[in-house]
Amino acid sequence: MRIGFDLDGVLCDYDDAVFHMINRLPREELRVVQIHYFSTRKPLLNPELFLHDRDEYHVITGRNQGLRELTLRWCARHLPRAASVQVVGGTPRYEFTEEELTGLDPEFSLKGKRDKILELGIDVYFEDEPRNVRRLREMLPGVAIIQYGGILESEHPLTLGA
Ligand SMILES: [Mg+2]
């Protein structure tokens, strides 16, 4: 079986609130802080626990291309037996003007995950973000999309109006 894992919030720790605050930084600080944040993540789950003898696993992350090199290094160090590491996000936000940002496809990296899951023939994919789980299930009816980590959309503070 081919098993795919999201990285942030599944294989490594991730704080959504911190990430959103980082994205509000001025662009000259954004790059440096993003790189620091993602370089210092800690492993959260050992994907090898899910594997039988002939299974293989792939890491498929929606991180942007500015984080590609550090992500490959992090995975080589912490996930050395991954069959492949796929970084499918687009150009980093700090390379766009404010005007350009509003025109970007909000599902760009999600579609990148979808395409990579199909291309690699992934049977099961683990994802923490509830919205991504729902959309991937809609887009990939033949793939088992498993919610791992995260919180249910119905229990999300924003859904509850908190
Ligand atoms: Mg995630």
Side-chain angles (χ1 to χ4, degrees), residues 1-25 30-31 33-51 56-94 101 104-120 122-140 143-160:
M1 199 160 55
R2 289 187 175 169
I3 307 178
F5 291 91
D6 176 32
L7 185 56
D8 296 306
V10 176
L11 296 183
C12 74
D13 75 318
Y14 173 76
D15 189 322
D16 202 39
V18 172
F19 183 66
H20 283 286
M21 283 190 280
I22 289 172
N23 273 327
R24 289 167 168 268
L25 289 171
L30 179 56
R31 181 177 163 275
V33 177
Q34 254 192 14
I35 286 172
H36 177 77
Y37 178 76
F38 286 105
S39 297
T40 54
R41 295 302 85 206
K42 300 283 185 288
L44 198 59
L45 175 72
N46 180 357
E48 292 177 27
L49 297 173
F50 292 77
L51 306 185
E56 62 181 42
Y57 79 93
H58 299 258
V59 180
I60 305 173
T61 172
R63 287 183 183 181
N64 70 59
Q65 295 306 312
L67 300 167
R68 182 183 192 81
E69 289 310 314
L70 82 82
T71 300
L72 297 180
R73 276 202 306 274
W74 193 95
C75 290
R77 181 173 170 205
H78 296 286
L79 305 166
R81 286 204 270 271
S84 78
V85 178
Q86 310 290 337
V87 181
V88 301
T91 304
R93 295 175 64 84
Y94 50 79
L101 278 176
L104 295 181
D105 178 1
E107 290 203 320
F108 183 90
S109 62
L110 189 65
K111 289 172 182 168
K113 285 186 179 182
R114 173 200 64 191
D115 293 347
K116 202 50 83 172
I117 287 168
L118 286 173
E119 184 190 320
L120 294 172
I122 298 292
D123 302 292
V124 182
Y125 183 71
F126 290 84
E127 163 72 47
D128 68 310
E129 180 64 45
R131 188 179 177 284
N132 289 352
V133 170
R134 180 164 51 79
R135 288 291 290 129
L136 287 171
R137 283 175 178 165
E138 288 167 5
M139 294 190 285
L140 300 166
V143 180
I145 307 294
I146 311 287
Q147 164 129 22
Y148 180 87
I151 54 173
L152 290 173
E153 248 178 327
S154 57
E155 293 171 2
H156 195 283
L158 293 177
T159 307
L160 296 171

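Indexing begins at 1, ligand by ligand and atom by atom, following the structure's order. Every value quoted in this text rests on a predicted model; they were computed, and no experiment measured them.
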**Complete:** Atom name of the N, O or S atom of D6 nearest to the Mg ion (ligand 1) is OD2
**Asked** Of all N, O or S atoms in D128, which has the smallest distance to the Mg ion (ligand 1)?
**Response** OD1
**Item:** L44 and V10, any side-chain heavy atoms less than 4.5 Å apart
**Value:** no
**Request:** Report yes or no: do R68 and Q65 form a side-chain donor-acceptor pair below 3.5 Å?
**Result:** yes
**Asked** For the Mg ion (ligand 1), does an N/O/S atom of D8 lie at less than 2.8 Å?
**Response** yes
**Asked** Salt bridge between D123 and R2, side-chain N to carboxylate O under 4.0 Å?
**Response** no
**Asked** How many angstroms lie between CZ in F50 and CZ in F126, if you round to the nearest 0.5 Å?
**Response** 4.5 Å
